[in-house]
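Position 1 is the first residue of the sequence; numbering continues from there. Note that the coordinates shown come from a computational prediction; the quantities given were computed from them, not determined experimentally.
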Amino acid sequence: MLRKAKLKDVKKIQALVNYYACKNLMLARSLNEIYENLRDFWVYEKNNKILGCAALHLIGWENLVEIKSLAVEKQLRHKSVGRDLVLACLEEAKSLGAKKAFVLTYIPDYFKKLGFKKTTHAKLPHKIWAECIYCAKFPNCNEIAMIRQL
């Protein structure tokens with residue numbers, strides 16, 4: 001079942017995200033960061049276990065949102081859980097009036113299947129100067145910027 005995240009989910013969200021971060025497939029998230037942005041998160045729950053998550057982040061730029069921290073337990077990969085999480089984020093984005101959504105990803109082929117197209121980091125200046133400059137990988141980031149019309 002897909003639902004909005006709750007306080008009780010924070011540690012599991014962090015474990016999911018940081019599992020992939022340890023493999024250099026996404027950026028790590030601290031507990032504090034997840035708590036502060038908990039309302040951004042969607043989770044996939046089955047049998048009272050959190051098996052997937054994704055966040056819709058408002059970046060303070062008119063009509064544009066970011067989907068981040070998409071993570072799914074290994075055994076559920078290729079079972080459409082990730083797709084369903086992204087689609088839930090996109091539906092929420094539309095309901096908020098957003099016109100575009102973007103991702104920074106190491107798996108562009110996955111997001112291409114969901115209608116995202118490659119763009120440049122330069123077209124996301126608010127993101128770059130608001131968050132990316134604090135990342136340990138800045139300015140040598142090799143994440144691919146992708147964007148989708150809503």
Side-chain angles (χ1 to χ4, degrees), residues 1-7 9-10 12-21 23-30 32-46 50-74 76-135 137-139 141-150:
M1 161 179 77
L2 286 179
R3 64 169 173 78
K4 291 296 284 182
K6 299 177 182 178
L7 287 167
D9 304 326
V10 170
K12 184 58 180 177
I13 290 169
Q14 186 195 35
L16 270 171
V17 169
N18 289 349
Y19 169 81
Y20 291 104
K23 296 180 177 300
N24 262 344
L25 297 172
M26 64 189 333
L27 296 176
R29 303 287 177 205
S30 69
N32 184 62
E33 184 178 7
I34 296 169
Y35 275 116
E36 285 183 351
N37 296 286
L38 185 62
R39 287 179 271 177
D40 291 356
F41 279 90
W42 285 86
V43 295
Y44 175 79
E45 179 183 41
K46 186 173 182 180
I50 302 303
L51 302 171
C53 65
L56 175 72
H57 188 66
L58 305 177
I59 61 164
W61 194 5
E62 185 176 330
N63 298 326
L64 183 66
V65 296
E66 178 183 14
I67 296 175
K68 57 201 260 186
S69 299
L70 173 63
V72 177
E73 286 283 354
K74 288 185 298 186
L76 288 178
R77 292 180 65 203
H78 308 293
K79 304 276 188 207
S80 78
V81 171
R83 178 186 60 91
D84 292 347
L85 285 160
V86 171
L87 293 177
C89 288
L90 293 174
E91 284 302 313
E92 183 180 17
K94 285 184 208 175
S95 75
L96 293 170
K99 302 293 183 212
K100 298 177 188 175
F102 77 93
V103 296
L104 295 175
T105 184
Y106 295 115
I107 51 171
D109 290 341
Y110 179 81
F111 286 97
K112 184 178 179 182
K113 292 176 191 174
L114 295 171
F116 287 81
K117 296 179 181 177
K118 286 185 182 179
T119 188
T120 65
H121 287 82
K123 292 190 177 180
L124 305 170
H126 287 79
K127 168 66 178 179
I128 304 309
W129 296 113
E131 291 185 23
C132 291
I133 60 169
Y134 300 110
C135 178
K137 295 182 180 187
F138 184 81
C141 174
N142 58 353
E143 284 184 307
I144 305 298
M146 300 186 79
I147 199 159
R148 176 186 159 158
Q149 299 289 325
L150 301 178

If you define the side chain from C-beta out and look only at heavy atoms, does anything of Glu45 sit under 4.5 Å from Ile50?
yes
Do any N or O atoms from the side chain of Tyr20 and from the backbone of Val72 form a donor-acceptor pair under 3.5 angstrom?
yes
Applying side-chain contact (heavy atoms from CB on, under 4.5 Å), run through Phe111 and Leu70 and close with a yes or a no.
CA-CA 11 Å; Phe111 286 97; Leu70 173 63; 3.8 Å; yes
Which atoms form the tightest heavy-atom contact between Tyr110 and Gly82, and what is the distance?
OH-C, 3.0 Å
Identify each donor-acceptor pair in which a side-chain atom of residues 85-98 lies under 3.5 Å from a protein atom, sequence neighbours left out, and give them as a table.
| from | atom 1 | to | atom 2 | distance (Å) |
| --- | --- | --- | --- | --- |
| Glu91 | OE2 | Lys94 | NZ | 3.3 |
| Glu92 | OE1 | Lys4 | NZ | 3.3 |
| Glu92 | OE1 | Trp42 | NE1 | 2.8 |
| Glu92 | OE2 | Lys4 | NZ | 3.4 |
| Ser95 | OG | Glu92 | O | 2.7 |

Quick one: closest heavy-atom pair of Pro108 and Lys118, and the distance?
CB-CE, 4.2 Å
Between Arg3 and Asp9, is any pair of side-chain heavy atoms under 4.5 Å apart?
yes
Do Leu114 and Arg83 have side-chain heavy atoms sitting under 4.5 Å apart?
yes
When you look at Leu27 and Glu33, which way does the side-chain contact (heavy atoms from CB on, under 4.5 Å) test go after all the steps?
CA-CA 12 Å; Leu27 296 176; Glu33 184 178 7; over 6 Å; no
Would Val43 and Leu2 count as a side-chain contact (heavy atoms from CB on, under 4.5 Å) here? Give the steps.
CA-CA 6 Å; Val43 295; Leu2 286 179; over 6 Å; no
Phe116 and Thr105, any side-chain heavy atoms less than 4.5 Å apart:
no
Test side-chain contact (heavy atoms from CB on, under 4.5 Å) on Leu104 and Lys68 and set out the steps.
CA-CA 8 Å; Leu104 295 175; Lys68 57 201 260 186; over 6 Å; no
Under 3.5 Å donor-acceptor, Tyr35 side chain and Leu7 backbone
no
Lys/Arg N to Asp/Glu carboxylate O, Lys12 vs Glu73, below 4.0 Å:
yes
Within the 4.5 Å heavy-atom criterion, are Phe102 and Met146 side-chain neighbours or not?
no
